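Remarks on the structure that follows.
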There are 2 protein chains.
Amino acid sequence: MVAVDTVLFAVADGRLRTYLVELQHGQARGKWAFPGGLVKVGELLDRAARRQLHESTGLSGTYLEQLFTFGDPSRDPRAHVVSVAYMALIRDPNLLHSGNGKSGPGRWHEVAKMPPLAYDHADMAVYALKRLKSKLEYSNIAYALLPKEFTFAELEELYATVLGRPIDRRNFRRRIMAMGLLRRLSHARRGAHRPASLYSFASQSLRFIEML
Amino acid sequence: MVAVDTVLFAVADGRLRTYLVELQHGQARGKWAFPGGLVKVGELLDRAARRQLHESTGLSGTYLEQLFTFGDPSRDPRAHVVSVAYMALIRDPNLLHSGNGKSGPGRWHEVAKMPPLAYDHADMAVYALKRLKSKLEYSNIAYALLPKEFTFAELEELYATVLGRPIDRRNFRRRIMAMGLLRRLSHARRGAHRPASLYSFASQSLRFIEML
DNA sequence: CCAAAAGTGTTGGCTCTACACCCATGA
DNA sequence: TCATGGGTGTAGAGCCAACACTTTTGG
């Protein structure tokens with residue numbers, strides 16, 4: 001039997017968060033797990049991941065990427081389930097309808113403070129975070145975690161949050177600009193202080209940075 | 001149903017080669033495929049890949065790494081098979097017992113001149129080659145493609161062969177040495193000309209290069 | 001002594017990092 | 001006018017790529 005499990009990330013309030021479902025049945029009852037479930041016969045893996053994610057959260061059209069496949073013989077003592085792990089990204093954790101997952105109620109957790117995870121989902125979490133960090137460094141993947149329009153400060157905060165280290169503002173701006181992934185918009189965001197000009201990603205699909 | 005398929009690489013005579021099996025049955029008869037087959041219930045994925053590889057080639061103890069999982073609904077019109085692709089590396093293509101695979105007779109092919117491949121194995125080939133190239137750049141993975149002792153020229157030739165581009169000898173030597181992955185042995189290889197001193201990898205397991 | 005492969009340094013350009021002050025606005 | 005976050009430049013160090021000749025051996 002084949003299952004898919006999806007590590008869904010979002011950033012809010014300066015924290016990286018992931019969506020977990022509390023299991024109600026089985027030997028792992030009371031532990032938390034990434035949303036997922038069995039693949040139907042004839043169903044494409046990506047489609048199964050999207051379907052499960054939609055059933056758990058109401059989301060559709062998210063960024064989605066396959067991570068790794070876990071043997072996972074421990075999930076159920078009698079059935080042998082192979083689990084294909086995915087990573088999904090959304091801009092805003094409030095976009096989903098929480099709590100209507102089949103397997104149980106779900107909610108967001110800070111990645112830094114996750115509860116005990118079922119099966120081998122702790123390994124998935126480590127793997128997903130590593131993948132997200134490295135893709136931030138050499139792709140425009142941040143487009144999937146930010147709204148269409150954002151300020152440079154917001155982009156910088158996203159990087160600092162996910163990478164877990166401070167960013168030098170001037171060097172960061174220079175490097176990002178050199179990558180040529182952003183478009184500067186004509187308008188600005190007005191707030192309590194000096195207005196910040198807005199940017200958007202030139203492409204809303206994954207691009208890798210060419211370093212030649 | 002879950003299958004594993006393994007892209008086995010070796011370098012010989014200045015060419016990168018991979019081992020393919022000619023299919024005898026089914027709609028893909030006459031096409032070639034990477035050695036593989038179904039995973040048994042309760043069997044770990046890595047173990048299944050090693051078992052299949054052993055059955056096809058007699059090899060054991062090779063370097064082995066999971067690549068990607070393909071939905072592969074096209075393999076058989078009635079059964080839905082999910083295929084986990086692996087990459088394996090060996091030092092010498094002559095180490096295996098050819099032709100005793102269940103699915104048919106196998107032999108080595110130059111990666112640059114592969115016959116028509118069955119299923120989605122062409123995608124696997126592309127993926128495996130990409131992974132091998134990038135790991136050469138930031139790990140000591142070459143240890144799995146070279147004999148225990150080798151000359152610097154042999155290492156250089158390996159890189160040029162796999163990466164498919166010429167290497168500057170002086171820069172290459174400096175970079176490799178800076179990585180600190182090699183041990184210089186006290187003896188040398190004598191041949192028709194000036195003797196070349198021999199090296200071995202300090203570690204025979206995968207190490208990533210730290211770039212701080 | 002000749003052919004063939006092994007072995008070795010330097011320079012210029014580029015990139016990266018470290019670092020601090022002025023600017024524009026709302027209150 | 002002040003508080004707050006937005007926006008900008010430079011110099012030094014380290015890294016990388018380009019490039020050709022000398023050494024050692026066997027025949």
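Nothing here was measured: the structure is a model prediction, and the numbers come from that model. Each chain gets a letter, A, B and so on, in the order its sequence line appears, and its residues count up from 1.
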Can you tabulate the close N/O pairs, meaning under 3.5 Å, that link protein atoms to atoms of nucleotides 24-27 of chain D?
residue: D:dG26; atom: O4'; partner: B:Ala192; partner atom: O; Å: 2.6

CA sep, side-chain torsions, deciding dist, call: A:Glu22, A:Arg29, salt bridge (charged side-chain N to carboxylate O under 4.0 Å, His left out):
CA-CA 8 Å; A:Glu22 187 172 17; A:Arg29 188 156 51 108; over 6 Å; no
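Checked against the 6.0 Å centroid criterion, the rings of B:Phe150 and B:Phe201 qualify as a close aromatic pair. For an aromatic pair to be called close, the ring centres must be under 6.0 Å apart, and B:His121 with B:Trp32 fails this.
Residue contacts for B:Ser197: at a heavy-atom cut-off of 4.0 Å it reaches the sugar-phosphate backbone alone, with no base atom in range. In this structure, A:Arg175 reaches the sugar-phosphate backbone alone: every heavy-atom distance under 4.0 Å involves primed, P, OP1 or OP2 atoms, never a base.
Rounded to whole Å, atom C1' of C:dA6 lies 16 Å from atom CZ of B:Phe150. For the pair A:Leu155 CG and D:dG7 P, the computed distance is 12 Å after rounding to whole Å. A:Arg189 places its CZ atom 16 Å from the C1' atom of D:dG7, with the value rounded to the nearest Å. In this structure, B:Glu137 atom CD and D:dC16 atom P are separated by 12 Å, rounded to whole Å. Atoms CD1 (B:Ile176) and P (C:dG7) sit 15 Å apart, rounded to a whole Å.
The aromatic rings of A:Phe70 and A:Tyr127 sit perpendicular to each other, their planes meeting at more than 60°, with 30° as the lower class boundary.
Partners of A:Tyr159 under the side chain to side chain donor-acceptor pair (under 3.5 Å) rule, at least two apart in sequence or in another chain, do not exist in this structure.
A ring pair (Phe, Tyr, Trp, His ring centres under 6.0 Å) with A:Tyr19 is found for one member of A:Trp108, A:Phe9, A:Phe34 and no other, namely A:Trp108.
Counting non-hydrogen atoms of neighbouring residues, nucleotides and ligands closer than 6.0 angstrom, the CZ atom of A:Arg91 exceeds 12 such neighbours. When the shell of 6.0 Å around CZ of A:Arg47 is examined, it contains 12 or fewer heavy atoms from other residues, nucleotides or ligands.
Of the residues in residues 165-173 of chain B, those placing a heavy atom less than 4.0 Å from an atom of DNA chain D are B:Asp168, B:Arg170, B:Asn171, in numerical order.
Here A:Asp120 contributes atom CG and A:Ser83 contributes atom OG; the two are 6.5 Å apart, rounded to the nearest 0.5 Å.
Residue-to-nucleotide proximity on DNA chain C shows that, of B:Arg174 and B:Ala153, the 5′-proximal contact is made by B:Ala153.
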